[in-house]
Amino acid sequence: MKHYDAELHTRGESLYVDDVTPPGGMLHAAIYGSPVAHGELHGVDLEAARAAEGVIAVLTADDIPGENQIGPVLQDEPLLATDEVHYQGHPIAIVVAETDEQARYALGLIEADITEKEAIVDPRQAHEKGEIIGAPRTFAMGDVASAWAGCDIIVEGRSDVAGQEHLYLETQRARAVPTEGDRLRVYSSTQSPYAVQKAAARIVGVPNHKIEVDVIRLGGGFGGKEDQATAWACMAALASHLLGRAVQLVLHRLDDLRMTGKRHPYSADYKLGVKKDGTIVAYQVRHYQNAGAKTDLSLAVMERTLFHSTNAYFIPNVRAYAASCRTNLPPNTAFRGFGGPQGMFAIESALAHAAEKLGMSREELQKKNLIQEGQSFPYGQSAERARALATWREAEQAFELDRWRAEVEAFNESSATKKRGLAAMPVCFGISFTGTFLNQASALLHVYTDGSVSLSTGGVEMGQGLNSKLITIAARALGISEERVKIETTNTTRIANMSPSAASATTDLNGGATILAAQELLDRFREMIAREIGAQDPENISFCDERALYRGQATDWHWEKMVSHAYMSRIALSAHAFYATPNLWFDKEREEGRPFAYHVYGTALTEVELDALRGTYEITAVRLVHDLGRPINELVDLGQVEGGLAQGLGWMTLEELAYGDDGTLLSNALSTYKAPDGHFMPDDVEVIFLEDENPQGPYGSKAVGEPPLMYGIGVFFAIGDAMRAFDADCEFAFDAPLTPEKVLMQLHHRRFSPIWEAADDATSTPDLAVAGE
Amino acid sequence: MAQSITFWLNNQKIETDEHAGRLVLDYLRKKRFLTGTKEGCKEGDCGACTILIGELRGEQVVYQPTTSCLVPLGEMHGRHVVSIEGLNLKEKLNPVQQAMVDRCGSQCGFCTPGFIVSMCWYVMSADEEPSLQGFQRAFSGNLCRCTGYTSINRASLDLVEDFGEGGRFEEIWGAGDRVGALCQAGLLPDYFSKMTERLAAIEPLDEERHDYTDVADYFVAGGTDLYVQVGEELPRSQIKVLNRHPEMKGVIRDDQAGHFQVGALTTFEEFGQHPDIQAIMPRMDHYLHLIASLQLRVRATLSGNILNASPIGDMSNLLLALDTTLVFHDGRRERQVAMKNFFTGYKTYDKEPDEIMTRLLIPIPHKDTRIHFEKVSKRTCLDIATVNSGAKLHIDDAGIIKEASLTVGGVAAVPLWLEKTQSFLEGRPMDADTVRQGLGVAHSEMSPISDVRGSAEYKRLLAHQLLSAQFTELYPERVSFDALMAG
């Protein structure tokens, strides 16, 4: 059990797009983006850039031979801006030069003639102005309006959660290479090779089959390269097509931060009604999604917010509204969790609020309302093999929650300025693309005459360990050693019409297809061997440890013999298979159906230590129980859980995307946008897997990519718990991330600000826009 | 005398006439096609491009890990540059690589080479017993977005076991020449054992001059700020690499003169690790932990921090609190300026264009003086301060404040020397009342503005808290935070 790419990684021998030796004469592209967030574009002065040293061409929308459109859902996203710009960094022109340095230098010589217009950055403001993408949607169950009357306590409030930068270590990049005639091969760092293929074909003006997209691996994706790798690949393809030379585009980190979309910020109004005993009766929520300037995947993200608006709880009366609001930020996009985490943050805020009003611990209220077998989610699907309570109880027992809580209280008794806080976070996350049609995949299996196996699927390796899992699945399905299996690059000429590697479902879908392909191949071997040994019942031939068994008894047909015999007998040694997740449907008219093959559950307990003097905190421990099915590769799955957790913790605490009112990204570099580092993460992270056969996943496994991110939400409430331990009356807004700034301001601002307000007015502040660098 | 930049790149001798300002990272990837070194941010904040730079000191080559995205090629003359490829063994993984594979410390792999280099540095060079915390310090400048670090910690613990007491490689850790011992055990490529001889054979560059009369568009010291600010200009400009001035490095305690003489090019790490400096600031290790990362601290210089003139320069605020004097040279004469008079406005200061800072003079504090540094940033490590503060306090036997030197950064256009607060404090008893009133005075000296690191109100509040902390940390027996809150 291992991560098959890791050996190459540790030697620095793994290849990413721009590590491959460049073709002769390869050119380099750099992108000129809008300097303002909203405006009318009258023209661009490209003369100086065109005359600059090394510059081969500067391309604009006018140079696009095909259609200037890459919108994946709604057709509202031109590749290059024409008469309007809608966000800072909105691409306007492509500079192509002999070297990367020359291309970047020439960017500084371009000037766009733009009449600036008012920018909107706040989703509520956009909502008020009717800037809504698509139509708002409402999921409803029971009857909220009449349910309030039956509640003992009703809390109402607002919760806000900011976006998140993906911060894949490898920035967006692509290389396009002309082959013959008007054909192109595009090497892209994309989670969605087919999306790149379709969009590039449309831009260049050729049928899809003339664009070959190849992906070796990604240096991280996290959703940020599901749809947003497309534009950069299209730009490289366009330049390459027009100039007849290989063109590479690697975004500089600052450009990547400025030009690409992020996790959607949300603002929500919640109303929660409970009985005195803590039973939740009704929940109403209105979500305002900050979509940014273009649709991108926002509507699908918004849908998942609604799907997860009640997290792991059963609430009989629910009314959840969501609207996708158009603003002048870069188009926000997929990010691990895909809207689910934002839905969960709102319900967890409401629960925290209600618990305080009830005088009940948050944990008690959470536990009391966990969804159980057969109870219904607000979208009509009922919980099957529900594990919410099972993971909660396991966490409670294994980590001795009561004792832990008592230890925290004892610590707080004995410490004046350091205070600890503890919070539980249950998670329930649905697995499948919510766009039902996307739940399909293919696999292409070749067996060579030496017995080695090559497997191609539509899945993209981006660190999540897909290749390692597919090797195990293929070897297990064929009954051979893992050493024989190699996973190929993801390539559109081998696998057509592939779905993106997303929704945590890549292993389920492509693994499912792999098993079918292996079965097809083995069926041929069964027929062949039955014929040779004179058996009438090929169904009684099985394969294990590189050998065929007949009625459970080993035969002398070992793998290499089967393969060479098949070849000599002119039996096909390749198989292609197609998998579609069964029993999925969703009726958008009624907002009801069975959108998910299954759910993943888990419970995390998070402890923090607050320094109430400085407003800083440390995460001291996260211990969690995760519902895993029967793991295919436990080491890989553990990495997914721990890594997802880290991203969730970062999102809730220090990862702060700061935008100015004019739409300028202020946290525009890694010096100002801080993601978790080794010190930030606690040394005490403990993961317990709760195993159980999952009939819906390959070999009983469950998807693991996204759900762990949402364990991170617990840290927000753990910090709140510690703040209240310091001062039971301190302010505590449901406004994430809970940065040291927000902590300190809520703890002490009211207390100490009279001191300086009384002191001499410190006027004479020089106007220093960039002071502090 | 050598004409071209001459150095060893892994096991290969390089002589090149490339521009001295070209980044080592770009040279490795674009010129040498050594693509294991990755570009993640090009500003020293992610560590994906970490390399080792070996420098001959006496008979030994001393290696430091650093981010190749901030290092000028011109400085590599006479050095041994080690990229990830240079740490690979032919037939097997080295122990660090193997531990990371076993524990799945690598997912997408893009940050992995940087981690491996940092961790290999620790195994090759750390001057302490192996520990998890030691490994974590070594990769404090490496970001990973996939693993959450937990598996990397597990890999580190495996290595602690291997190289620690009773481990299978215990003897290697204890060897006098650890790099040699690693080579001998087949855990590091054998060519490392030849590097002393190879580096000694390289002649100095013939342009070398040490009279401070050079003319250049840019003088590059550690480059950790300069390359972030004007990195794309440097390879097109005339630059002077200062790090070839050995006389501008190091710490000397001069009891007769009553001060420490500190070379202007002394790095944060050299300064902070110096025993004489640690003697006056016993918690220096903790301060270093809060400042940048190891990869940056071995490059960033004290003079660079001061001349960058950021109001929140960490070393600037600390050195200002220590009442440091700066010494400049223009090739003809030397001039001294007290640091408290040096900064004149936002990023402006009392220095002539042709002057170079050569030394810092730090008064040796009285034996009863207590010194402390406070810093809060969004992320604890490798982050720029929102507010920081330096303090040097001295009270007499009666508890009366004899000397108070206080600075605060991030609340004014310059690192702020709290002059009025200090005169208010001196002569008063060290207690909560005095501190409360002193804080009121301090507020009259501050004028914070809002920026990406925090709102003006937050910075003021944070400055209030950190100044409070200076007293509660240095005189806990006299001032408690409870008492400060009660007022």
Side-chain angles (χ1 to χ4, degrees), chain A residues 3 5-7 9-12 14 19 21 104 167-170 218-220 253 416-417 462-463 613-614 616 635 639 642-643 645-646 654 658 666-667 669-672 674-675 677-681 683 685 739-741 744-745 748-749 752 755-756 759-760 762 764-766 768 771-773, chain B residues 35-36 40-43 45-46 48 84-85 88 97 100-101 104 106-113 116 136 139-140 143 145-151 153 310-312 346 376 378-384 410 413 440 443-444 446-447 449 451-454 458 460-462 464-465 469 481-482:
Chain A
H3 191 293
D5 280 357
E7 287 191 14
H9 291 343
T10 60
R11 295 173 65 88
S14 315
D19 293 340
T21 308
R104 291 183 55 76
L167 202 59
Y168 26 68
L169 263 282
E170 176 208 39
L218 274 54
R253 175 63 65 185
T417 56
M462 49 186 162
L613 171 57
R614 297 171 182 84
T616 54
L635 197 60
E642 292 168 345
L645 168 68
L654 44 83
L666 302 172
S667 48
L670 297 199
S671 53
T672 44
K674 308 313 281 190
D677 63 355
H679 174 79
F680 170 85
M681 284 299 289
D683 290 345
V685 174
T739 56
E741 171 165 4
L744 194 69
M745 291 295 277
H748 291 305
H749 190 255
F752 290 123
I755 296 177
W756 56 88
D760 290 343
S764 71
T765 307
L768 304 167
E773 289 304 321
Chain B
T35 55
C41 70
K42 241 179 181 173
E43 52 178 25
D45 271 311
C46 80
I84 179 71
E85 291 86 354
N88 286 339
Q97 292 166 329
M100 286 283 273
V101 169
C104 204
S106 168
Q107 290 185 23
C108 85
F110 203 80
C111 73
T112 308
I116 299 290
Q136 288 174 334
F139 61 71
S140 64
L143 281 189
R145 192 54 157 166
C146 293
T147 63
Y149 306 92
T150 310
S151 53
N153 287 343
S310 162
I312 41 175
Y346 182 62
V376 165
K378 199 173 286 170
R379 191 173 67 196
T380 305
C381 301
L382 184 46
D383 195 1
I384 297 168
H443 280 294
S444 72
M446 302 178 203
S447 49
I449 58 163
D451 63 16
V452 67
R453 298 190 206 292
Y458 170 55
R460 206 175 252 291
L461 174 60
L462 184 55
H464 183 90
Q465 299 301 96
F481 185 56
D482 272 352

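Just so we're on the same page: letters track the sequence lines, and every chain starts at 1.
The two residues A/Gly12 and B/Ile84 come nearest to each other via the heavy atoms N-CG1, 4.0 Å. In plain terms, the two heavy atoms of A/Ala416 and B/Asp482 that are nearest each other are CB-OD2, 4.1 Å. Residues B/Gly440 and A/Ile755 share a closest heavy-atom pair of CA-CG2, 4.1 Å.
Of all the listed residues (A/Arg253, A/Lys674, A/Arg104, A/Glu7), the one sharing the greatest number of non-hydrogen pairs under 4.5 Å with chain B is A/Lys674. If you tally non-hydrogen atom pairs under 4.5 Å between each of A/Thr739, A/Leu167, A/Thr21, A/Thr417 and chain B, the highest count goes to A/Leu167. Chain B forms more heavy-atom pairs under 4.5 Å with one residue of A/Gly643, A/Ala646, A/Gly220, A/Ser14 than with any other, namely A/Gly643. With respect to chain B, the highest number of heavy-atom pairs below 4.5 Å among A/Met681, A/Glu741, A/His749 belongs to A/Glu741. The candidate with the highest count of non-hydrogen atom pairs below 4.5 Å against chain A, out of B/Cys381, B/Gly36, B/Gly410, is B/Cys381.
Residue A/Tyr168 holds its OH atom at 12.0 Å from CZ of B/Phe110, rounded to the nearest 0.5 Å. Taken from NE2 in A/His679 to CD in B/Gln136, the straight-line distance is 9.0 Å, to the nearest 0.5 Å. Rounding to the nearest 0.5 angstrom, the gap separating the CD1 atom in B/Ile384 from the OG1 atom in A/Thr672 is 7.5 Å. With values rounded to the nearest 0.5 angstrom, B/Arg460 atom CZ is found 7.5 Å from A/Trp756 atom CH2. From B/Cys46, atom SG reaches atom CG of A/Leu670 across 6.5 Å, with rounding to the nearest 0.5 Å. Note that NE2 of A/His9 and CD of B/Gln107 are 9.0 Å apart. Values are rounded to the nearest 0.5 Å.
A 4.5 Å side-chain heavy-atom check between A/Leu744 and B/Leu462 finds at least one atom pair inside the cut-off.
With hydrogens and angles disregarded, a donor-acceptor distance shorter than 3.5 Å links the side chain of B/Arg379 to the backbone of A/Ala675. Under a 3.5 Å cut-off, the side chain of B/Glu43 and the backbone N or O of A/Ser671 do form a donor-acceptor pair. Looking only at distances, no side-chain donor or acceptor of A/Glu642 sits under 3.5 Å from a matching main-chain atom of B/Gly148.
Within the 4.5 angstrom heavy-atom criterion, only side-chain atoms of B/Lys42, from C-beta onward, approach chain A. Proximity to chain A (any heavy atom under 4.5 Å) is shown, for B/Asp383, by both the backbone and the side chain. Contact of B/Ile116 with chain A is made through the side chain alone, with heavy-atom distances under 4.5 Å. A/Asp677 touches chain B through backbone and side chain together, each having a heavy atom under 4.5 Å away. In this structure, chain A has heavy atoms under 4.5 Å from both the backbone and the side chain of B/Thr150.
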**OP:** Please test A/Asp683 against B/Asn153 for side chain to side chain contact (heavy atoms under 4.5 Å, CB included), starting from the C-alpha separation and ending with a verdict.
**Re:** CA-CA 8 Å; A/Asp683 290 345; B/Asn153 287 343; 3.6 Å; yes
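The aromatic rings of A/His748 and B/Phe481 stand perpendicular to each other, their planes meeting at an angle above 60°, with 30° marking the opposite boundary.
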